[in-house]
Amino acid sequence: MAFINNYEPRTPILDHELYGPEPYDVNFVFHVPPVPSSTKVRLVPFVPRVHAAAYFDGVRGYESMYQHMPVALEHPSDLLRLTEDFRRNTSDILFAIIDTTRPDDNHPEWDGSIAGIIGLLDTNVDHLTTGIGPVIVLPAFQRTHVGSHAVGLLLKHALELPPAGLGLRRVRWCASPLNIPSNNLAKRMGFKFEGVSRWKLTLPKVEGYAKVGGTEGRDGDAGNGRLGRDSNEYAVCWDDWENGGRAIAEDALSR
């Protein structure tokens, strides 16, 4: 039996491509909502040329906040590569979180300040599923309304029936077992714990800070020395949403 394998690795993202095309094409499989917003937070597609500089100002010196994430994010170019990788994948989209309670004098057109990044990933049109991630709240906005409002807005967009939302059936959330704030936010927003996916992810080697929660794999495996990480798995499904989940999100958005 004859067969071939014409696989080729994805084209590397070159330095001149880090900020994406102009005009910026979000390249998402579903329609992009017209600025989901609450009384305190607004989500807009993250456009590196527009939002990256302010985001970098907010995270500078706090790079260790990425300690649980399965990507490096050690230098600004790492985040830009991540955002461009998201953009090229039609199942993913990133949003800038704008906190409308804190004006930014340098960007009055935003009607607020950039407070972080949130995304939808691994969106599947056939199976009507998506995931929320990454969820990155800048240090100056942590322990505020920002995280719960951003998550609540994406839950509404994903689970409400059209035309108010996408009408999906399942939204998942993954968190390192050691990332207590992420696990707590998921529970607070109505996500149901479904179990632990062992060895779900690998952690890259970084020099500027230590990754947390990694375990060594077998000598000689294909990970080239990368540590492995378990993930706590959560989900909100359409029936959860209709039976109390919507009320949890609406309550969070009212605070």
Side-chain angles (χ1 to χ4, degrees), residues 13 15 18-19 41 43 46 48 50-86 92 94-99 102 104 106 112-121 131-151 154 172-189 191 196-217 223-234:
I13 298 169
D15 287 348
L18 290 177
Y19 286 86
V41 163
L43 303 182
F46 185 86
V50 176
H51 303 114
Y55 175 89
F56 293 145
D57 286 343
V59 78
R60 189 171 292 112
Y62 295 94
E63 287 78 5
S64 62
M65 64 184 285
Y66 301 135
Q67 61 187 340
H68 299 286
M69 296 182 66
V71 288
L73 299 185
E74 190 172 7
H75 307 289
S77 61
D78 295 330
L79 180 82
L80 294 174
R81 290 185 192 281
L82 176 67
T83 59
E84 179 59 10
D85 188 61
F86 256 69
D92 302 342
L94 284 177
F95 294 93
I97 306 171
I98 305 297
D99 182 355
R102 301 194 200 183
D104 182 344
N106 294 321
S113 297
I114 188 164
I117 295 174
I118 194 169
L120 295 176
L121 74 166
I132 292 183
V135 180
I136 304 173
V137 178
L138 294 176
F141 298 87
Q142 293 176 4
R143 299 178 180 85
T144 70
H145 57 274
V146 167
S148 56
H149 277 237
V151 173
L154 279 193
R172 68 176 180 85
W173 181 289
C174 296
S176 166
L178 299 181
N179 188 346
I180 303 304
S182 181
N183 286 274
N184 287 344
L185 179 56
K187 296 172 186 176
R188 191 164 67 247
M189 295 306 297
F191 283 83
V196 179
S197 290
R198 298 178 301 146
W199 298 99
K200 175 72 177 284
L201 300 166
T202 62
L203 299 177
K205 298 176 181 178
V206 295
E207 297 179 359
Y209 60 93
K211 290 291 184 181
V212 173
T215 304
E216 292 185 359
N224 295 320
R226 295 193 302 274
L227 301 179
R229 199 205 83 184
D230 298 343
S231 283
N232 286 348
E233 303 279 349
Y234 301 85

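Atom OH of Tyr62 sits in a sparse spot, with 12 or fewer heavy atoms from other residues, nucleotides or ligands closer than 6.0 Å.
In terms of heavy-atom proximity, Tyr234 sits nearest to Lys187 at OH-CE, 3.5 Å. Heavy-atom minimum distance, Ala72 versus Lys211: O-NZ, 4.0 Å. In terms of heavy atoms, Ile97 sits closest to Ile136 at CD1-O, 4.3 Å. Of all non-hydrogen atoms in Pro134 and Leu94, the two that sit nearest each other are CD-CD2, 3.7 Å. Nearest heavy atom pair, residue Leu73 against residue Tyr66, reads O-CD1, 3.1 Å. The heavy-atom pair separating Val146 from Val41 by the smallest distance is CA-CG2, 4.2 Å.
The backbone N or O of Trp199 lies less than 3.5 Å from a partner atom in the side chain of Asp230, making a donor-acceptor pair. In this structure a side-chain-to-backbone donor-acceptor pair under 3.5 Å is missing from Ser64 to Tyr209.
Note that NE2 of His149 and OG1 of Thr144 are 8.5 Å apart. Values are rounded to the nearest 0.5 Å. Going from atom CG of Asp85 over to atom CD1 of Ile13 covers 5.0 Å, rounded to the nearest 0.5 Å. For the atom pair OH of Tyr55 and CZ of Phe46, the computed distance is 7.5 Å after rounding to the nearest 0.5 Å. Note: His68 NE2 to Asn183 CG = 9.0 Å, rounded to the nearest 0.5 Å. One finds the CE atom of Met189 at 10.0 Å from the CG atom of Leu154 (value rounded to the nearest 0.5 Å). The CD1 atom of Ile114 lies 11.0 Å from the CG atom of Asp99; values are rounded to the nearest 0.5 Å.
No side-chain heavy atom of Leu80 sits under 4.5 Å from any side-chain heavy atom of His75. In this structure, Gln142 and Met65 have side chains that are in contact, with non-hydrogen atoms separated by less than 4.5 Å. No side-chain heavy atom of Thr215 sits less than 4.5 Å from a side-chain heavy atom of Leu227.
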Donor-acceptor pairs under 3.5 angstrom involving side-chain atoms of residues 200-208: please list them, not counting sequence neighbours.
from   : atom 1 : to     : atom 2 : distance (Å)
Lys200 : NZ     : Glu233 : OE2    : 2.7
Thr202 : OG1    : Arg226 : NE     : 3.2

Please list, one pair per line, the donor and acceptor atoms closer than 3.5 Å that link side chains of residues 174-182 to other protein atoms, with sequence neighbours excluded.
from   : atom 1 : to     : atom 2 : distance (Å)
Ser176 : OG     : Leu178 : N      : 3.2
Asn179 : OD1    : Ser182 : N      : 3.3
Ser182 : OG     : Trp173 : NE1    : 3.2

Which is it for Leu185 and Phe191 under the side chain to side chain contact (heavy atoms under 4.5 Å, CB included) test, yes or no, and what are the steps along the way? CA-CA 9 Å; Leu185 179 56; Phe191 283 83; over 6 Å; no
Please walk me through it: do Val59 and Leu79 pass side chain to side chain contact (heavy atoms under 4.5 Å, CB included)? CA-CA 11 Å; Val59 78; Leu79 180 82; over 6 Å; no
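Residue pairs that meet the salt bridge (charged side-chain N to carboxylate O under 4.0 Å, His left out) test with at least one member in residues 60-80, sequence neighbours left out, are Asp57-Arg60.
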